Protein chains: 2
Amino acid sequence: METLLPKFDSVFSIDCVIFGFDDGELKILLIERNEEPFKDWWALPGYIVEQDESIDHAAERILYELTGLRDIYMDQFYTFGDVNRHPQGRVITVAYYAMIRLNGNKELKPVSNYVSKAVWTSVNDLPQLAFDHEKIFTRGFEKIRNKISYQPIAFELLPEKFTLTQLQQLYEVILNKKLDKRNFRKKMLNYGILKELDEKQKGVSYRAAKLYKFDKRKYSKLFQKELTFGK
Amino acid sequence: METLLPKFDSVFSIDCVIFGFDDGELKILLIERNEEPFKDWWALPGYIVEQDESIDHAAERILYELTGLRDIYMDQFYTFGDVNRHPQGRVITVAYYAMIRLNGNKELKPVSNYVSKAVWTSVNDLPQLAFDHEKIFTRGFEKIRNKISYQPIAFELLPEKFTLTQLQQLYEVILNKKLDKRNFRKKMLNYGILKELDEKQKGVSYRAAKLYKFDKRKYSKLFQKELTFGK
DNA sequence: TTACTTAGTGTAGAATATACACACTATATT
DNA sequence: AATATAGTGTGTATATTCTACACTAAGTAA
């Protein structure tokens, strides 16, 4: 490979804002750093892209190393490239977000040793974060808030079978406002992307609610359509 | 500055998809490369980010060097990081789009000598492009198509004073469909973000249309609101 | 059996979006 | 002067979507 390219003292990294929903709370995954700079600080999970891997691959790899999770819906949302965002050199970071299904199991097993631990933290209760990670988080949160308004990404966060009330709670948390129960149900059911199951919620000490499933097929039909601008 | 960071043989670049509207056609700015690789090929304007400049700054600088334009509405939209996208090494590129007001003057004066010339090309009539630039263009075009559906970015492309017909034509080109004149006007005027002027179009051989101006203030009020999800 | 908690449901009025047809005005051409 | 052309400009009826609002039903726990 020729190298007409100028030499450049720089690094690419990936940072991930990984959302989960649990206990009626929206959470993100934070790690405690075990390396300078910002040793012992909380940070978004992220690491350096390797020389011979694509950034999408790096994002998947890093998420896997930190959580053991694969095949997660992940999307790039912004690239942060201020000169001084990293105290040790020029690091441009590509931020991804992911939404994962907690299903009650919240244990996280960091593999890489640059992390002491990884925990789920409510977005309403975040500690101070290393680097410009607060900025990155904020932008990622805006992104999903925005996106959920026109695409039902919420399903990524819920267990496979869920109640309408859970779905509504999730919308409320992300949009940060109360929604009307009847209107919410009407709208969701009208989309026709929910499959009503013959099952009910279990283990609750009150009337059990019906469970629903997300119907991916019908979803794609509905939302692949062009955005409308009437005729 | 310590350098605990691993050494990495890599480069960041910026590529720009610069839209303009002229003659009822949506165009983008292409350059003819004067450098290997892809010498004499058409490409999106783009170049390497310098060691000590932020990526946003680089984007502005590069646009300026190629067009002499400043203070352009510009937005990052995606970062392309496949391993082999550049034949000479690892180059991750951050793509920006810009929308500029042609106002009839289409002359472009490239400053940098890695460019032989720069021209406006209709998006319906693009030549083959260097690198993965076709992919970048496509994604950028999707981006504005999407965005125009919920934000009136179209004004960036029109002259300061424009007719409703021009505005509609622009929407039609970007959305790639015919719109109903009456409904379009009603909708646009209802937003209340257009200021009707006391002037009319000049130099046309038919009934002159009223000119309008975009009212930025009212715009921010209207569109800063949260995206709606009812109550 | 009672008390408690959440599930589940309908409707009317308001606002918005869509569909549709024709007259007017200015200029260029003959 | 007559005519053709091309684009401006308007109103109304209908369909759809959005919003506001409160009670009963079902299940569990004591």
Side-chain angles (χ1 to χ4, degrees), chain A residues 23-24 148-152 158-159 161-173 175 177-213 222-223 225-231, chain B residues 21 23-25 148-152 158-159 161-173 175 177-213 222-223 225-231:
Chain A
D23 254 340
I148 206 176
S149 304
Y150 58 93
Q151 283 189 18
L158 292 171
K161 301 170 184 182
F162 52 85
T163 69
L164 288 176
T165 301
Q166 288 172 324
L167 183 60
Q168 181 176 343
Q169 280 171 349
L170 179 52
Y171 269 82
E172 289 178 344
V173 172
L175 298 174
K177 62 172 150 178
K178 280 274 161 205
L179 302 174
D180 179 85
K181 184 157 64 158
R182 275 170 298 190
N183 294 338
F184 181 82
R185 284 166 181 244
K186 207 183 309 172
K187 188 162 189 165
M188 280 296 153
L189 294 173
N190 265 355
Y191 283 147
I193 56 178
L194 295 182
K195 221 184 277 174
E196 186 178 329
L197 302 177
D198 264 346
E199 273 175 272
K200 295 201 165 181
Q201 216 176 9
K202 275 174 192 160
V204 289
S205 66
Y206 45 79
R207 175 178 177 182
K210 269 185 242 165
L211 289 171
Y212 291 81
K213 237 173 123 170
L222 183 58
F223 286 87
K225 276 189 228 159
E226 289 174 85
L227 287 184
T228 52
F229 197 88
K231 175 187 161 186
Chain B
F21 183 62
D23 253 340
E25 284 193 292
I148 206 176
S149 304
Y150 58 92
Q151 282 189 19
L158 293 171
K161 301 171 182 181
F162 52 85
T163 69
L164 288 177
T165 300
Q166 286 171 324
L167 183 60
Q168 181 177 343
Q169 279 170 351
L170 179 50
Y171 269 81
E172 290 179 342
V173 172
L175 297 174
K177 63 171 150 177
K178 281 272 162 208
L179 302 174
D180 180 85
K181 184 158 66 161
R182 279 164 300 187
N183 295 336
F184 181 82
R185 285 167 177 244
K186 211 180 306 173
K187 188 163 188 165
M188 281 296 153
L189 294 173
N190 264 355
Y191 283 148
I193 56 178
L194 296 182
K195 222 185 275 172
E196 186 178 328
L197 301 177
D198 266 346
E199 273 176 273
K200 295 200 165 180
Q201 216 177 8
K202 276 174 192 161
V204 289
S205 67
Y206 44 80
R207 175 177 176 182
K210 271 185 240 166
L211 289 170
Y212 291 81
K213 236 172 123 172
L222 182 58
F223 286 87
K225 276 189 227 156
E226 289 175 85
L227 287 183
T228 51
F229 197 87
K231 177 190 161 187

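It should be emphasised that the depicted structure is a prediction, and the values quoted were computed from it without experimental measurement. The analysis underlying the following values was restricted to heavy atoms, covering all of them including side chains, and did not include hydrogens, waters or symmetry mates. All chains are named by letter (A, B, ...) in the order of the sequence lines, taking the proteins before the strands, and each is independently numbered beginning at 1.
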Any residue meeting side chain to side chain donor-acceptor pair (under 3.5 Å) with [X], in chain and number order, not counting sequence neighbours:
| X | value |
| --- | --- |
| Gln169(A) | none |
| Gln201(A) | none |
| Lys195(A) | none |
| Lys210(A) | Glu196(A) |

- Query: Quick check: does any side chain N or O of Gln168(A) sit under 3.5 Å from a backbone N or O of Arg185(A), one acting as donor and the other as acceptor?
  - Reply: no
Take atom [atom1] of [X] and atom [atom2] of [N], then tell me their distance rounded to the nearest Å.
| X | N | atom1 | atom2 | result |
| --- | --- | --- | --- | --- |
| Arg182(A) | dT11(C) | CZ | P | 12 Å |
| Gln166(B) | dG7(D) | CD | C1' | 12 Å |
| Gln169(A) | dT6(C) | CD | P | 10 Å |
| Leu179(B) | dT18(C) | CG | C1' | 12 Å |
| Lys181(A) | dA22(D) | NZ | P | 14 Å |
| Asp180(B) | dG9(D) | CG | P | 15 Å |
| Leu189(B) | dG9(D) | CG | C1' | 11 Å |
| Asn190(B) | dT10(D) | CG | C1' | 14 Å |

Checking dA7(C), dG10(C), dA19(C) against the side chain of Thr165(A) (C-beta onward), the nearest is dA7(C)
Among dC21(D), dT12(D), dC20(C), the one nearest any side-chain atom of Asn183(B) is dC20(C)
Sorted by chain and number, sequence neighbours left out, side-chain contact (heavy atoms from CB on, under 4.5 Å) with Leu197(A) holds for Lys161(A), Glu199(A), Leu211(A), Lys213(A)
Across all chains, not counting sequence neighbours, the side-chain contact (heavy atoms from CB on, under 4.5 Å) partners of Gln166(A) are Leu158(A), Phe162(A), Thr163(A)
Sorted by number, residues from residues 205-213 of chain A placing a heavy atom under 4.0 Å from DNA chain C are Tyr206(A), Arg207(A), Ala209(A), Lys210(A)
Residues in residues 196-204 of chain A with a heavy atom under 4.0 Å of DNA chain D, by number, are Lys200(A), Val204(A)
Between Arg185(A) and dG8(C), is there a side-chain N or O to OP1/OP2 distance below 4.0 Å? yes
Rounded to the nearest 0.5 angstrom, the OG1-CZ distance for Thr165(B) and Phe184(B) is 9.0 Å
Check your understanding: Within a strict 4.5 Å, meaning less than it, do heavy atoms of the Tyr171(A) and Met188(A) side chains meet?
Key -> yes
Q. Does any N or O donor sit under 3.5 Å from an N or O acceptor when you compare the side chain of Lys186(B) with the base of dT10(D)?
A. no
